[in-house]
Amino acid sequence: MNQKNNKVNILVINGSPKGINSNTLKITNAFLDGIKVKYQGFAKIDMVVVSTSNINHCKGCFCCWTSTPGKCIINDDMTQILSKIINANIIVWSFPLYYYGMPSKVKALLDRNLPLLLPYITNRDDGGSNHPFRYKSKHAEIILISTCGFYSTINNYEALIKQFDILYGTNYTKIICPEGELFSQKQLSNRINEYLLYVKQAGEEYAFNRSFSDETEQKLNSLLCPPKTFVKFADNSWNIKNI
Ligand SMILES: Cc1cc2nc3c(=O)[nH]c(=O)nc-3n(C[C@H](O)[C@H](O)[C@H](O)COP(=O)(O)O)c2cc1C
(Lines give C-alpha, C1' and ligand atoms only; values in the text may rest on other atoms or scores of the structure.)
Protein backbone atom coordinates (compact mmCIF):
# COMPACT_ATOMS: atom_id res chain seq x y z
CA MET A 1 0.00 0.00 0.00
CA ASN A 2 0.99 3.59 -0.52
CA GLN A 3 2.45 4.21 2.94
CA LYS A 4 3.16 7.91 2.38
CA ASN A 5 -0.41 9.18 2.33
CA ASN A 6 -2.25 5.92 3.12
CA LYS A 7 -4.27 6.22 -0.09
CA VAL A 8 -5.22 2.90 -1.63
CA ASN A 9 -5.59 2.99 -5.39
CA ILE A 10 -8.09 0.35 -6.48
CA LEU A 11 -8.45 -0.22 -10.19
CA VAL A 12 -11.50 -2.15 -11.38
CA ILE A 13 -11.29 -3.57 -14.87
CA ASN A 14 -14.96 -4.06 -15.74
CA GLY A 15 -14.70 -6.45 -18.64
CA SER A 16 -18.35 -7.29 -19.20
CA PRO A 17 -19.66 -6.13 -22.58
CA LYS A 18 -22.81 -5.19 -20.64
CA GLY A 19 -20.93 -2.39 -18.86
CA ILE A 20 -22.79 -1.25 -15.76
CA ASN A 21 -25.56 -3.85 -16.30
CA SER A 22 -23.08 -6.67 -15.73
CA ASN A 23 -24.00 -9.49 -13.32
CA THR A 24 -20.34 -9.72 -12.39
CA LEU A 25 -20.19 -6.03 -11.57
CA LYS A 26 -22.94 -6.53 -8.95
CA ILE A 27 -20.58 -8.84 -7.07
CA THR A 28 -17.64 -6.51 -7.63
CA ASN A 29 -19.57 -3.53 -6.25
CA ALA A 30 -20.56 -5.51 -3.14
CA PHE A 31 -16.92 -6.53 -2.65
CA LEU A 32 -15.81 -2.89 -2.95
CA ASP A 33 -18.46 -1.87 -0.40
CA GLY A 34 -16.80 -4.32 1.99
CA ILE A 35 -13.31 -2.99 1.25
CA LYS A 36 -14.52 0.56 1.87
CA VAL A 37 -15.48 -0.37 5.44
CA LYS A 38 -11.76 -0.34 6.22
CA TYR A 39 -10.46 2.23 3.75
CA GLN A 40 -13.39 4.68 3.82
CA GLY A 41 -12.11 7.97 2.49
CA PHE A 42 -8.71 6.47 1.77
CA ALA A 43 -9.77 4.23 -1.10
CA LYS A 44 -9.59 5.78 -4.55
CA ILE A 45 -11.62 3.53 -6.81
CA ASP A 46 -11.17 3.90 -10.54
CA MET A 47 -13.11 1.82 -13.04
CA VAL A 48 -12.07 1.03 -16.59
CA VAL A 49 -15.19 0.08 -18.54
CA VAL A 50 -13.66 -2.11 -21.21
CA SER A 51 -16.74 -2.14 -23.48
CA THR A 52 -16.66 1.63 -23.99
CA SER A 53 -12.86 2.02 -24.06
CA ASN A 54 -10.87 2.39 -27.23
CA ILE A 55 -8.59 -0.64 -27.02
CA ASN A 56 -6.97 -1.91 -30.20
CA HIS A 57 -5.30 -5.28 -30.62
CA CYS A 58 -1.57 -5.64 -30.02
CA LYS A 59 0.24 -5.54 -33.37
CA GLY A 60 3.03 -7.84 -32.18
CA CYS A 61 5.68 -5.37 -33.38
CA PHE A 62 7.63 -5.39 -30.06
CA CYS A 63 8.32 -1.64 -30.48
CA CYS A 64 7.42 -1.33 -26.75
CA TRP A 65 10.56 -3.41 -26.11
CA THR A 66 12.83 -1.92 -28.77
CA SER A 67 12.36 1.49 -30.40
CA THR A 68 9.96 2.99 -27.79
CA PRO A 69 10.83 1.09 -24.57
CA GLY A 70 7.86 0.88 -22.20
CA LYS A 71 5.56 2.67 -24.63
CA CYS A 72 3.16 1.22 -27.16
CA ILE A 73 3.09 2.85 -30.59
CA ILE A 74 -0.72 2.59 -30.76
CA ASN A 75 -2.41 5.79 -29.66
CA ASP A 76 -5.59 4.76 -27.81
CA ASP A 77 -7.02 4.44 -24.28
CA MET A 78 -4.37 1.88 -23.29
CA THR A 79 -1.87 4.67 -22.56
CA GLN A 80 -4.08 5.86 -19.73
CA ILE A 81 -5.09 2.34 -18.68
CA LEU A 82 -1.45 1.22 -18.36
CA SER A 83 -0.68 4.24 -16.24
CA LYS A 84 -3.61 3.29 -13.97
CA ILE A 85 -2.33 -0.30 -13.80
CA ILE A 86 1.15 0.89 -12.85
CA ASN A 87 -0.24 3.07 -10.06
CA ALA A 88 -2.79 0.62 -8.66
CA ASN A 89 -2.36 -1.02 -5.27
CA ILE A 90 -5.22 -3.42 -5.94
CA ILE A 91 -6.44 -4.50 -9.38
CA VAL A 92 -9.88 -6.11 -9.58
CA TRP A 93 -10.43 -8.06 -12.78
CA SER A 94 -14.22 -8.24 -13.12
CA PHE A 95 -15.61 -10.10 -16.11
CA PRO A 96 -17.89 -12.96 -17.18
CA LEU A 97 -16.60 -16.30 -18.40
CA TYR A 98 -16.75 -16.48 -22.20
CA TYR A 99 -15.99 -19.79 -23.90
CA TYR A 100 -14.06 -20.98 -20.83
CA GLY A 101 -11.86 -17.90 -20.79
CA MET A 102 -11.96 -14.12 -20.63
CA PRO A 103 -14.02 -12.02 -23.07
CA SER A 104 -11.97 -11.10 -26.14
CA LYS A 105 -11.71 -7.38 -25.41
CA VAL A 106 -10.36 -8.13 -21.93
CA LYS A 107 -7.77 -10.38 -23.58
CA ALA A 108 -6.90 -7.52 -25.95
CA LEU A 109 -6.35 -5.30 -22.88
CA LEU A 110 -4.17 -7.99 -21.29
CA ASP A 111 -2.08 -8.44 -24.44
CA ARG A 112 -1.49 -4.70 -24.47
CA ASN A 113 0.24 -5.03 -21.05
CA LEU A 114 3.43 -6.02 -22.88
CA PRO A 115 5.07 -2.56 -22.40
CA LEU A 116 5.02 -3.28 -18.64
CA LEU A 117 7.45 -6.16 -19.14
CA LEU A 118 11.11 -6.26 -20.10
CA PRO A 119 12.18 -8.36 -23.10
CA TYR A 120 14.67 -10.52 -21.19
CA ILE A 121 13.71 -14.10 -20.39
CA THR A 122 14.00 -15.28 -16.82
CA ASN A 123 13.59 -18.78 -15.43
CA ARG A 124 10.66 -19.57 -13.21
CA ASP A 125 11.10 -21.85 -10.22
CA ASP A 126 8.56 -24.22 -11.75
CA GLY A 127 10.79 -24.84 -14.80
CA GLY A 128 8.96 -22.38 -17.06
CA SER A 129 10.02 -18.92 -18.23
CA ASN A 130 8.73 -15.38 -18.00
CA HIS A 131 9.66 -11.75 -18.55
CA PRO A 132 10.55 -9.50 -15.62
CA PHE A 133 8.50 -6.43 -14.77
CA ARG A 134 9.78 -3.14 -16.16
CA TYR A 135 8.52 -1.23 -13.11
CA LYS A 136 9.90 -2.65 -9.88
CA SER A 137 8.06 -0.38 -7.47
CA LYS A 138 4.52 -1.70 -7.85
CA HIS A 139 3.28 -5.20 -7.34
CA ALA A 140 -0.45 -4.67 -7.16
CA GLU A 141 -2.61 -7.17 -5.34
CA ILE A 142 -4.84 -9.01 -7.79
CA ILE A 143 -8.48 -9.98 -7.35
CA LEU A 144 -10.44 -11.95 -9.91
CA ILE A 145 -14.23 -11.71 -9.79
CA SER A 146 -16.17 -13.64 -12.40
CA THR A 147 -19.61 -15.06 -13.05
CA CYS A 148 -20.64 -17.69 -15.55
CA GLY A 149 -23.83 -19.15 -16.97
CA PHE A 150 -23.50 -22.82 -16.01
CA TYR A 151 -24.05 -24.10 -12.46
CA SER A 152 -20.63 -25.66 -12.17
CA THR A 153 -17.01 -24.54 -12.45
CA ILE A 154 -16.02 -28.05 -13.58
CA ASN A 155 -14.83 -28.24 -17.20
CA ASN A 156 -15.63 -24.55 -17.30
CA TYR A 157 -13.20 -22.36 -15.31
CA GLU A 158 -10.02 -24.49 -15.44
CA ALA A 159 -8.37 -22.68 -18.38
CA LEU A 160 -9.02 -19.20 -17.01
CA ILE A 161 -7.83 -20.12 -13.53
CA LYS A 162 -4.71 -21.74 -14.96
CA GLN A 163 -4.02 -18.54 -16.90
CA PHE A 164 -4.33 -16.45 -13.73
CA ASP A 165 -2.19 -18.96 -11.80
CA ILE A 166 0.56 -18.57 -14.39
CA LEU A 167 0.22 -14.79 -14.43
CA TYR A 168 0.01 -14.20 -10.69
CA GLY A 169 1.11 -17.41 -8.94
CA THR A 170 -0.82 -18.09 -5.77
CA ASN A 171 -0.69 -14.41 -5.14
CA TYR A 172 -4.26 -13.52 -6.05
CA THR A 173 -7.74 -13.79 -4.59
CA LYS A 174 -10.79 -14.95 -6.48
CA ILE A 175 -14.56 -15.01 -6.28
CA ILE A 176 -16.11 -17.26 -8.91
CA CYS A 177 -19.89 -17.33 -9.05
CA PRO A 178 -21.75 -19.82 -11.28
CA GLU A 179 -25.41 -19.28 -12.26
CA GLY A 180 -24.54 -15.62 -12.88
CA GLU A 181 -27.66 -14.80 -14.90
CA LEU A 182 -29.72 -15.22 -11.73
CA PHE A 183 -28.47 -11.79 -10.63
CA SER A 184 -30.94 -10.16 -12.97
CA GLN A 185 -33.91 -12.24 -11.73
CA LYS A 186 -36.16 -10.18 -9.43
CA GLN A 187 -37.90 -13.34 -8.08
CA LEU A 188 -34.60 -14.38 -6.52
CA SER A 189 -33.79 -11.03 -4.96
CA ASN A 190 -33.76 -12.43 -1.40
CA ARG A 191 -31.15 -15.06 -2.21
CA ILE A 192 -29.16 -12.63 -4.37
CA ASN A 193 -29.12 -10.01 -1.62
CA GLU A 194 -28.03 -12.66 0.89
CA TYR A 195 -25.16 -13.69 -1.42
CA LEU A 196 -24.13 -10.07 -1.97
CA LEU A 197 -23.97 -9.57 1.80
CA TYR A 198 -21.49 -12.46 2.01
CA VAL A 199 -19.51 -10.84 -0.80
CA LYS A 200 -19.46 -7.55 1.12
CA GLN A 201 -18.28 -9.49 4.17
CA ALA A 202 -15.54 -11.03 1.98
CA GLY A 203 -14.46 -7.53 0.89
CA GLU A 204 -14.23 -6.42 4.50
CA GLU A 205 -12.27 -9.51 5.53
CA TYR A 206 -9.95 -9.03 2.56
CA ALA A 207 -9.26 -5.43 3.50
CA PHE A 208 -8.35 -6.41 7.07
CA ASN A 209 -6.67 -9.82 6.59
CA ARG A 210 -5.93 -10.24 2.87
CA SER A 211 -7.91 -13.48 3.07
CA PHE A 212 -11.44 -14.79 3.63
CA SER A 213 -12.53 -16.79 6.67
CA ASP A 214 -13.45 -20.44 6.02
CA GLU A 215 -17.07 -19.58 6.74
CA THR A 216 -17.16 -16.74 4.20
CA GLU A 217 -15.31 -18.86 1.64
CA GLN A 218 -17.93 -21.57 2.10
CA LYS A 219 -20.80 -19.09 1.68
CA LEU A 220 -19.21 -17.69 -1.49
CA ASN A 221 -18.87 -21.18 -2.90
CA SER A 222 -22.47 -22.19 -2.28
CA LEU A 223 -24.69 -22.07 -5.34
CA LEU A 224 -27.39 -19.42 -5.64
CA CYS A 225 -29.87 -22.15 -6.51
CA PRO A 226 -29.70 -26.02 -6.56
CA PRO A 227 -28.65 -27.30 -10.04
CA LYS A 228 -31.93 -29.06 -10.88
CA THR A 229 -34.06 -26.01 -10.09
CA PHE A 230 -31.55 -23.74 -11.79
CA VAL A 231 -31.56 -25.72 -15.06
CA LYS A 232 -35.37 -25.71 -15.17
CA PHE A 233 -35.42 -22.00 -14.41
CA ALA A 234 -32.70 -21.21 -16.94
CA ASP A 235 -34.19 -23.30 -19.75
CA ASN A 236 -37.64 -21.78 -19.27
CA SER A 237 -36.27 -18.25 -19.08
CA TRP A 238 -35.47 -18.14 -22.82
CA ASN A 239 -39.14 -18.25 -23.69
CA ILE A 240 -38.36 -18.91 -27.34
CA LYS A 241 -41.08 -20.31 -29.58
CA ASN A 242 -39.38 -20.71 -32.98
CA ILE A 243 -36.23 -22.82 -32.74
C1 LIG B 1 -20.31 -15.40 -25.85
C2 LIG B 1 -20.61 -15.99 -24.49
C3 LIG B 1 -19.86 -17.05 -24.04
C4 LIG B 1 -20.14 -17.62 -22.79
N5 LIG B 1 -19.38 -18.67 -22.36
C6 LIG B 1 -19.66 -19.26 -21.18
C7 LIG B 1 -18.90 -20.37 -20.72
O8 LIG B 1 -17.93 -20.81 -21.34
N9 LIG B 1 -19.28 -20.95 -19.54
C10 LIG B 1 -20.34 -20.50 -18.80
O11 LIG B 1 -20.64 -21.08 -17.77
N12 LIG B 1 -21.03 -19.39 -19.19
C13 LIG B 1 -20.72 -18.77 -20.34
N14 LIG B 1 -21.42 -17.65 -20.74
C15 LIG B 1 -22.42 -17.05 -19.81
C16 LIG B 1 -21.88 -15.82 -19.06
O17 LIG B 1 -20.65 -16.09 -18.46
C18 LIG B 1 -22.90 -15.37 -18.02
O19 LIG B 1 -24.09 -15.01 -18.67
C20 LIG B 1 -22.39 -14.24 -17.13
O21 LIG B 1 -23.13 -14.22 -15.91
C22 LIG B 1 -22.53 -12.87 -17.77
O23 LIG B 1 -21.97 -11.91 -16.90
P24 LIG B 1 -22.04 -10.34 -17.10
O25 LIG B 1 -23.47 -9.94 -16.89
O26 LIG B 1 -21.13 -9.80 -16.05
O27 LIG B 1 -21.57 -10.03 -18.48
C28 LIG B 1 -21.17 -17.08 -21.99
C29 LIG B 1 -21.94 -15.99 -22.46
C30 LIG B 1 -21.66 -15.46 -23.71
C31 LIG B 1 -22.50 -14.28 -24.18
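Heavy atoms only: backbone and side chains are in, while hydrogens, waters and symmetry mates are out. Both ligands and their constituent atoms are indexed starting at 1 by order of listing. All values derive from a computational prediction rather than experimental measurement.
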How far is [atom] from its nearest protein heavy atom, and which residue and atom is that?
atom: atom 27 (O) of ligand 1; result: Ser16 OG, 2.6 Å
atom: atom 6 (C) of ligand 1; result: Leu97 O, 3.3 Å
atom: atom 15 (C) of ligand 1; result: Gly149 N, 3.5 Å
atom: atom 8 (O) of ligand 1; result: Tyr100 N, 3.0 Å
atom: atom 19 (O) of ligand 1; result: Glu181 OE2, 2.5 Å
atom: atom 30 (C) of ligand 1; result: Tyr98 CE1, 3.4 Å
atom: atom 20 (C) of ligand 1; result: Thr147 OG1, 3.4 Å
atom: atom 5 (N) of ligand 1; result: Tyr99 N, 2.9 Å

Inset, instruction - Look only at the side chain of Asn14 and the backbone of Ser16, and say whether a donor-acceptor pair between them is shorter than 3.5 Å. - result: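 Looks like yes, one N/O pair under 3.5 Å.
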Legend entry - Arg134 side chain vs Pro115 backbone, donor-acceptor pair below 3.5 Å: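 Yes, Arg134 side chain to Pro115 backbone: donor-acceptor pair under 3.5 Å.
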Legend entry - Option set Pro96, Pro178, Pro103, criterion heavy-atom distance to atom 23 (O) of ligand 1, minimum: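 Considering heavy atoms of Pro96, Pro178, Pro103, the nearest to atom 23 (O) of ligand 1 sits in Pro96.
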What do you reckon, is [atom1] of [X] surrounded by more than 12 foreign heavy atoms closer than 6.0 Å?
X: Glu215; atom1: CD; result: no
X: Asp214; atom1: CG; result: no
X: His131; atom1: NE2; result: yes
X: Asn75; atom1: CG; result: no
X: Tyr157; atom1: OH; result: yes

Any idea which atoms of ligand 1 are less than 4.0 Å away from a heavy-atom of [X]?
X: Thr24; value: 23 (O), 24 (P), 26 (O)
X: Ser22; value: 24 (P), 25 (O), 26 (O)
X: Asn156; value: 7 (C), 8 (O), 9 (N), 10 (C), 11 (O)
X: Lys18; value: 24 (P), 25 (O), 27 (O)
X: Gly180; value: 21 (O)

Legend entry - Carboxylate-amine/guanidinium contact Glu204 Lys38, below 4.0 Å: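 Here Glu204 does not pair with Lys38 in a salt bridge, since their nearest N and O are not under 4.0 Å apart.
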Legend entry - salt bridge (Lys or Arg N to Asp or Glu O under 4.0 Å) evaluation trace for Lys200 with Asp33: CA-CA 6 Å; Lys200 184 179 174 198; Asp33 284 345; over 6 Å; no
Inset, instruction - Before signing off on this row, confirm whether Asn21 and ligand 1 have an N or O atom pair separated by under 3.5 Å. - result: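 Not met; the criterion fails.
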Inset, instruction - Please confirm whether Phe164 and Tyr172 have ring centers closer than 6.0 angstrom. - result: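 Yes: the rings meet the under 6.0 Å criterion.
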